[in-house]
Structure formats: C-alpha cells, structure tokens
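What follows is a structure written as structure tokens; I'll ask about it next.
Just so it is clear, the model here is predicted, and its values are computed rather than measured. By convention in this document, chain letters (A, B, ...) are assigned in the order of the sequence lines, proteins followed by strands, and residues within each chain are numbered from 1.
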Number of protein chains: 2
Amino acid sequence: MRPYSHFLDQIRLAGLRPTRQRLALAKLLFSGENRHVTAESLHGEAQAEKMRVSLATVYNTLHQFTSAGLLREIVVDAQRSYFDTNTGDHHHFYFEENGMLTDISDDMMSLTKVPEAPEGMAIKSVDIVVRVVEKTQ
Amino acid sequence: MRPYSHFLDQIRLAGLRPTRQRLALAKLLFSGENRHVTAESLHGEAQAEKMRVSLATVYNTLHQFTSAGLLREIVVDAQRSYFDTNTGDHHHFYFEENGMLTDISDDMMSLTKVPEAPEGMAIKSVDIVVRVVEKTQ
DNA sequence: GTGTTTGCAAAGTGTTTGCAATTTA
DNA sequence: TAAATTGCAAACACTTTGCAAACAC
C-alpha cells in the first residue's frame, strides 16, 4: 500500500489542491494495479467505501487528472468515457458484452507501418482497440 | 451516377422496404465516394436537398443499414456516432479539431502482430484510429 | 387490408455547468 | 481572507422510444 503522502504529492505536482475528494479518488485509482474506470464505476466504488464524493466531482477530477497526465482517456464506446491509469504506450481489448476493458501489452502487438500524417497535421496518438465477444459454441 | 434501381435492390436485399426516406438516404450515402457521416450531418444534407426525413428516421436507417452490412459504425468520439460507407478492412485518421474522419488505406498501415483473444473469446474487429491535430510548427 | 415505417414529442443517458456554500492555503 | 473546490440541480447534447398516422405490398 502506497503511503498517503504519495497521493498528496502526486496531486500537488499536478498543480491541484489535495482535497479530501481528490485524495480519495487518487487512492482508489492509483493504489494497486492499473485500472480502467468510468465516472459511474468510480463513483460507485467511492460510495461503497463510504467516501462522500459527488458524481460531478468525479467527472471534474477525472478530467483534471487526465489533463495532468495521470490518466489517459480511452474511446471505445459511444455511450461512456473510460479512463486508464496506465498512461504508457499500449492498446486495449474491449469486451463488448460487458463493457470491460483490459490492456494489451505493447509487445503482444506490433504496428510496423504507420501512415504519414496528412499535410499540415501531426499524429497525436495511434489507438488500437481489439473488440472481442464471447466465442459462440 | 448509379441507377435508381441499384438503391432499390440494395435496400430490398437488406430485407427492408424501399421507402422514400430510405431511398433518399441511400442515394446520399452510396452515390459517390466512400463517406463518413453522423446522424446530424446526414440529416442536414437531406434537408439541404429538400428531402423530407426526420432525424429519428435517419437514426433508425443508419442502424438498419449497419445491421444489414451496408455501413460500418466507427467509434472515435464519445459525443457522436460515425458511420462509414466503406465496410472493407481499413483504418482511420480522426481530425480532433473539426471532427472529420478519413480512411487510411490498408496498405498504408500494417499490423504484424495481433494478440490472441483472451480465453473463450473471439476477436470481432481490430480498430485503429490515428488521431491527428494541426501542426503547431 | 395487413404489417411496416414514419415523424413527432417525450423520455432517456451520460456529461457539463452555474452558483452558493465550503474548504484550502 | 482570497482563491479554489465542491455538490446540487438544472441544463445539455445526442440518441432512443411510444404511438397514431401514413405507407408499402
């Protein structure tokens, strides 16, 4: 378990005030393994742990953490936004049936040819989503 | 310009009745080059051409055409759904600043290693989105 | 005629915003 | 105490739905 001060510093370094809510959410997000959350799922978790945080604050915090580079936003479903605590170079499996998202380590996948960006444009990211469904039979 | 009967057959083959609205939308979608549309953009186009189609019908039609395999849905933005008339194997550039989407021909890009699907799952698709922004030079 | 499709307006979903009250520094 | 942050409720954007009228076959 990471020390309390770790989250405190992390938030301060992001230029944000370490409020009770931000600390609570940081603890949920960055304590263990890499995670993929939606605003709803994180809010639900916080409630389950008796942390009092409003859904609006969860949204704000997720966006602030994303701007600060602590999280990465992943677009896989038009219905909801996902945030990934792993900000490194990697791609995703998306389980369409239950909305789950898991990492694909970068060495499991390789892109040998990347197209040049169109005239006057710069590539911001190359996002790969491998959509999977339950095998029938 | 494709003959009228082409769209008629296309819709019939999809198991749908060739109504005035579906024919009009098929004409907009499948007349020229491959296209990327949103419900709003297609509805706007229909209006501009004095075709009377409600937005609800545009949504319904896009989904019906997608189920029928005439269109492919592309997820690049949590805010809106895009539909692509090119149902073949290819990937996309997404211009974040203006919401534009363009095809990347399959030979401009190559994926040499694709991970195995997790236990019990089957890969449905591998979607690559290259996000580009204006070069700040 | 019968079943399908349309269009409207209402409802739904996930997300953002305005603002007074609260908290942080 | 000044500035940032929170939480609520209202507003939002996009999408879906219920249902009577219109249409296709």
Side-chain angles (χ1 to χ4, degrees), chain A residues 4-5 7-26 28 36-47 50-68 70-71 73-83 99 101, chain B residues 4-5 7-28 36-47 50-68 70-71 73-83 98-99 101:
Chain A
Y4 184 83
S5 65
F7 302 120
L8 230 155
D9 293 345
Q10 193 170 209
I11 291 172
R12 283 227 177 85
L13 282 170
L16 299 168
R17 289 186 177 177
T19 61
R20 177 174 59 73
Q21 290 84 340
R22 287 184 184 142
L23 278 165
L25 297 176
L28 289 176
H36 300 92
V37 303
T38 63
E40 291 280 358
S41 78
L42 187 60
H43 184 238
E45 261 183 76
Q47 306 246 288
K50 308 275 187 251
M51 296 165 171
R52 286 173 298 94
V53 193
S54 73
L55 185 56
T57 297
V58 173
Y59 274 106
N60 289 336
T61 303
L62 286 172
H63 286 133
Q64 291 155 352
F65 284 5
T66 301
S67 303
L70 302 176
L71 293 176
E73 190 168 356
I74 312 285
V75 181
V76 282
D77 183 312
Q79 301 319 296
R80 80 197 95 250
S81 299
Y82 285 82
F83 295 84
L101 203 57
Chain B
Y4 184 83
S5 63
F7 302 120
L8 231 154
D9 292 346
Q10 194 171 208
I11 291 171
R12 282 226 178 85
L13 282 170
L16 299 168
R17 289 189 178 174
T19 61
R20 177 175 57 73
Q21 290 85 340
R22 288 183 183 143
L23 278 165
L25 296 176
K27 206 162 121 188
L28 289 176
H36 301 90
V37 302
T38 63
E40 292 278 358
S41 78
L42 188 60
H43 184 239
E45 260 183 76
Q47 306 246 288
K50 309 278 186 247
M51 296 164 169
R52 285 172 299 96
V53 193
S54 75
L55 185 56
T57 297
V58 173
Y59 273 104
N60 289 336
T61 304
L62 286 172
H63 286 132
Q64 291 154 352
F65 284 6
T66 301
S67 303
L70 302 176
L71 293 175
E73 190 169 356
I74 312 284
V75 180
V76 282
D77 183 312
Q79 301 320 292
R80 81 197 93 250
S81 298
Y82 285 81
F83 295 85
N98 65 8
L101 204 56

*Could you pull out all residues at least two apart from B:S67 that satisfy side-chain contact (heavy atoms from CB on, under 4.5 Å)?*
none
*asked:* What is the distance, to the nearest angstrom, from the CG atom on B:L16 to the P atom on C:dG3?
replied: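 Atom-to-atom, B:L16 to C:dG3, this comes out as 19 Å.
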_B:H43 vs B:T38, side-chain contact (heavy atoms from CB on, under 4.5 Å): CA-CA, chis, key distance, verdict_ = CA-CA 8 Å; B:H43 184 239; B:T38 63; over 6 Å; no
*Give the C-alpha distance, both sets of side-chain angles, the deciding distance and a yes or no for side-chain contact (heavy atoms from CB on, under 4.5 Å) between B:V76 and A:V75.*
CA-CA 6 Å; B:V76 282; A:V75 181; 5.6 Å; no
*Can you pull out how bent the helix from C:dG1-D:dC25 to C:dA25-D:dT1 is, comparing the axes over its first five and last five pairs, to 10°?*
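Roughly 30° between the end axes, to the nearest 10°.
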*Sequence neighbours excluded, which residues qualify as side chain to side chain donor-acceptor pair (under 3.5 Å) partners of A:Q21?*
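Checked A:Q21 against side chain to side chain donor-acceptor pair (under 3.5 Å); zero matches.
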*Output all residues satisfying side chain to side chain donor-acceptor pair (under 3.5 Å) with B:E73, sequence neighbours left out; order by chain, then residue number.*
B:S81
*How does each nucleotide of nucleotides 9-25 of chain C score, in 5' to 3' order, for protein heavy atoms under 4.0 Å: base (B), sugar-phosphate only (S), or none (-)?*
-----SBBB------BS
_Atom CZ of B:R52: over 12 foreign heavy atoms under 6.0 Å_ = no
_Summary of side-chain hydrogen bond (donor to acceptor under 3.5 Å, both in side chains) pairs that have at least one residue in residues 55-64 of chain B, sequence neighbours excluded_ = B:R22-B:Q64, B:S54-B:T57
*Donor-acceptor pair, A:Y82 side chain versus A:G99 backbone, under 3.5 Å?*
yes
